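Model, not experiment: these values are computed from the prediction.
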Amino acid sequence: MNRKLWDFHGGIHPPENKAQSTREPIVRPPLPSRLVLPLQQHIGQSSQCLVKAGQKVLKGQLIAAPDGYVSLAMHAPTSGTVIDITSAPVPHPSGLTDRCIIIEPDGLDKWVPHSGISDYTRAEPERLLQIIRESGIAGLGGAGFPTSVKLNPSEEVTIRTLIINAVECEPYITADDMLMREHASEVIQGIMIIAHILKPESIQIGIEDNKSEAIESLKNAIATHDREQSIELVVIPTKYPSGGEKQLIQVLTGCEVPNGGIPADIGIVCQNVGTAAAVYRAIIKGEPLIYRVTTFTGEALGQPRNLEVLIGTPVNELLEFCDLNDSELNRLIMGGPMMGFSLLSDSVPVIKTTNCILASTEAEIPLPPPEQACIRCGMCETVCPASLLPQQLYWHAKSKDYDKAINHNLLDCIECGACTYVCPSNIPLVQYYRHAKGEIRMLEHEHTRSDHSRQRFEMRIKRLEQEAAAREEKKKARQQAAAKASAARNKASNNQGAKAAVIQAALERTRAKKTRLATDSKSSVNRAEPEPETKTVTGSDNRENT
Amino acid sequence: MALLKITSPHMSSAGKTGDVMLTVVLATLPGLALLTWFFGWGNLINIAWASLVAVSCEALVISIRQRSVMFYLTDYSALLTGVLIGLSLPSLAPWWLTLIATSFAIIFAKHLYGGMGQNPFNPAMVGYALVLIAFPVEMTSWLAPKSLPGNDQIPSFLQTLTAIFPFVGGEAVDAFTMATPLDTFKHKGEQLAAQLWASEPVLSPSSWLAWQSISAGYLLGGAYLLYKKVFTWHTPVALLVAMTIISGIFWLIDPDSYGSPLLHLLGGATMLGAFFIATDPVSSATSVKGRLYYGAAIGILVYIIRTWGNYPDAIAFAVLLMNFAAPFIDYYTQPRTYGHQISHQKTRSGQ
């Protein structure tokens, strides 16, 4: 196959250590004693629990629903009883606990009634997307982003290329490799279903040249299922981290995902092979995502191999199944040795994104030697797949000069670990970057919070000012009204003629009264009447004098 | 079961800074061997003495700073500084000259700036520049090469030792000293270049053979370091290309007054400078693109100082001048990050 490939900057060639886990076919371990299903196994909102403790569930029954658009459905991996919904240790770098549904299998493994679509080509893409969403499928490559969301890009973009990530570039991990060797036809049919949804112009499978058996099976499966031969199988050179989404896009298309954007912005959608197989099972068989292939490897295991694991199976039961040598176990890593995180407890479950459990001995992955001074040799720069300057980022991160670190695009670091791998001074560079990123996030958070408080404060000041102004306004209006009224009165009282007239009138009235009293001493009508008038006059006079 | 809690990456290639430094020391061997072949034991003794001084000073400062002495000594950076100073100094440089240059390099140029990785200037070149300015006479007398006809006076080991450490009390030497080719060329006055090449013994084919062989030895060592990926090709290649171009231009304009590119490339410390001095990672520009500018600027500066300045060989000053500029170069030569349109757009706008 002569096809132009592009290269991405940097990259490393660590020892692959893949052979030890590919000697045996994929094995299905016995049913575990219990299943621990965290409500958060994916990127997005936690799922909403639909079951209660004590409830019986069947295999494949919906036990948690997506809570919002970017969220995931979850199903019972086998039939049994929900014994608890509680906080339990989950596989997360923080080592924290989270809410989990705990199921005790009844051993019957009894399915809920389910059926697939026999001819997906006649189905509406919307219907297929709905099934994928209801089947709880998330990206099985590692990040765990809900697949139905990824397969439903916004109206503004046209997806021209569908890229299937079969690279699996991290050392030790062979889950995708084994899946392709044994279930290539499921993978290819899953890819065709995804293509039916997205309708891309081209479909490319990117696979490293160290997986010859998987390449062979994929070729056969393409020949069998894909009559138009629309799927292009692209064998790429083995180099870490060519399986990174951005790096694979660069290798296959020469395009770069714009900073801050997603592949869909340049008309590309990437899916992992495992995800494609899960899509196949959901659409054709009607089975939700309840199991996955996970690599169990490392020198602490007597029988390293790939297992078809029910989601939620505790890691310790699986390690036991692979013949763990407990005294030799030094590190337990979920994921690969480059980007995986160490587990604090072996009681955590395998989740939808768990592609590998690496149980290593001390000799296998020793403690790093003590950190020496950076001599700015620049080896890190030559291997950085994001074309960053790791040596400068290190200085800025170490001196907490976060503005400069951001200016050197620290936030574009994908934490692949290539720089740390080659550093001759054994500086844990990625750890420095991770710390700096965390600090930056925290500073931003504090910044937003202080912004909010400032805004609140300013709004309050403004409101108080407005209220004060309004009061002032009212007061002024009142004063003006009062002034007007008094002015009117003053005007009246200031008029001397009128005053005299009033006095005259009053006098006359008094006189008349007296005459009336004289003429009719019994009558006292209107006696009080003139007095108020006189009073008013005097009052206004007084005011004028003061 | 106590599980180890360490964040990724878990794997590393477990290199050592010390390995890098030892590889560089190893790469100086072809040049050193030829230097010894043509000029006698002097540089070998200088290197041993300078290394001893360098390592002792390093140990002294580190113990004063209350750090682990062995941990720092085994990065072999002090040893390398000593070796480079010993290589650069004239073969019969007196012991106190080497002592001053080396101790100044380690104590002042390296540790007063914060030690390993923190020094903005190349320590070996700071030490060298100090003695070059302070003791011009001692610094400009070189031996005549063994390959020169009639020069049967290459001093023995004991004689050389006595010349360097007079208190050893061996037989006094009466060695035949002469200027370097670059020095001779610099002070040719009104003479035409062709006359000079014909008349000066140091520029005679047999003497020139010595100088260009040593340069070839350093070139070989440099090639080995490139092969071992101790540094990238950018700094040395840029330096050599820039020097060839600028000296070539002037030479083509006026071959009677200006030295040929060959004289500049092979007649002095250019090869040593290009592969062993300018490539010092700590004090040089660190981005790949920046190293091109850095190397080229050193090549041009060396030519300018040699041709119009006061010093016949100018590697030390050119390197030190560009050490000043390295952070500036790094700032403006950041690579374009994946997914970004323009490189360092934010830094450019002066943030």
Max heavy-atom pairs within cutoff under 4.5 Å with chain A, candidates B:S287, B:G115, B:P9, goes to B:P9
Part of A:S360 within contact of chain B (heavy atom distance under 4.5 Å) | neither
Please state whether the side chain, the backbone, both or neither of A:E362 comes within less than 4.5 Å of a heavy atom of chain B.
-> neither
N/O donor-acceptor pairs under 3.5 Å from side chains in residues 290-298 of chain B, not counting sequence neighbours:
| from | atom 1 | to | atom 2 | distance (Å) |
| --- | --- | --- | --- | --- |
| B:R291 | NE | B:A285 | O | 2.9 |
| B:R291 | NH1 | A:C377 | O | 3.4 |
| B:R291 | NH2 | A:R376 | O | 3.1 |
| B:R291 | NH2 | A:C377 | O | 3.3 |
| B:Y294 | OH | B:N323 | ND2 | 2.9 |

Between A:H408 and B:Y331, what is the ring plane arrangement, given parallel below 30°, perpendicular above 60°, and tilted in between?
-> perpendicular
B:Y113 OH: over 12 foreign heavy atoms closer than 6.0 Å = no
Separation between CD1 (A:I268) and CD1 (A:I249), nearest 0.5 Å, reads 4.5 Å
Determine yes or no for a side-chain-to-main-chain donor-acceptor pair under 3.5 angstrom, with A:E256 supplying the side chain and B:G339 the backbone.
-> yes
Toward chain B, the part of A:N17 with a non-hydrogen atom under 4.5 Å | side chain
Between A:C374, A:G417, A:P14, A:S387, which shows the greatest number of heavy-atom pairs under 4.5 Å with chain B?
-> A:S387
Among A:R434, A:M339, A:H9, single out the residue with the greatest number of heavy-atom pairs under 4.5 Å to chain B.
-> A:R434
Contact listing (chain A partner; residues 63-72 of chain B; heavy atom under 4.5 Å) | B:F71
Separation between CG of A:L319 and CG of A:D326, rounded to the nearest 0.5 Å = 9.0 Å
Can you measure from CD1 (B:I277) to OG1 (B:T235) and round to the nearest 0.5 angstrom?
-> 13.0 Å
Highest number of heavy-atom pairs under 4.5 Å with chain B among A:P428, A:S425, A:G378 belongs to A:S425
If one checks every heavy atom of B:S284 against chain A at 4.5 Å, the contacting part turns out to be backbone
Where does A:L343 contact chain B at under 4.5 Å (heavy atoms): side chain, backbone, both or neither?
-> backbone
Taking atom CZ of A:F8 and atom OH of B:Y338, what is their separation to the nearest 0.5 Å?
-> 10.5 Å
If you count heavy-atom pairs under 4.5 Å between each of A:Q250, A:E415, A:M379 and chain B, which one has the most?
-> A:Q250
Which answer fits B:V288, side chain, backbone, both or neither, if we ask what part of it has an atom under 4.5 Å from a heavy atom of chain A?
-> both
Do A:Y432 and A:Y394 have ring centroids that are under 6.0 Å from one another?
-> yes
A:I375 portion near chain B, given a 4.5 angstrom heavy-atom threshold | both
Result of checking A:T297, A:T174, A:T295 against A:K18 for side chain to side chain contact (heavy atoms under 4.5 Å, CB included) | A:T174
What is the distance from atom CZ of A:F296 to atom CG of A:L358, rounded to the nearest 0.5 Å?
-> 11.0 Å
Region of A:C384 in contact with chain B, defined by heavy-atom distances below 4.5 Å = neither
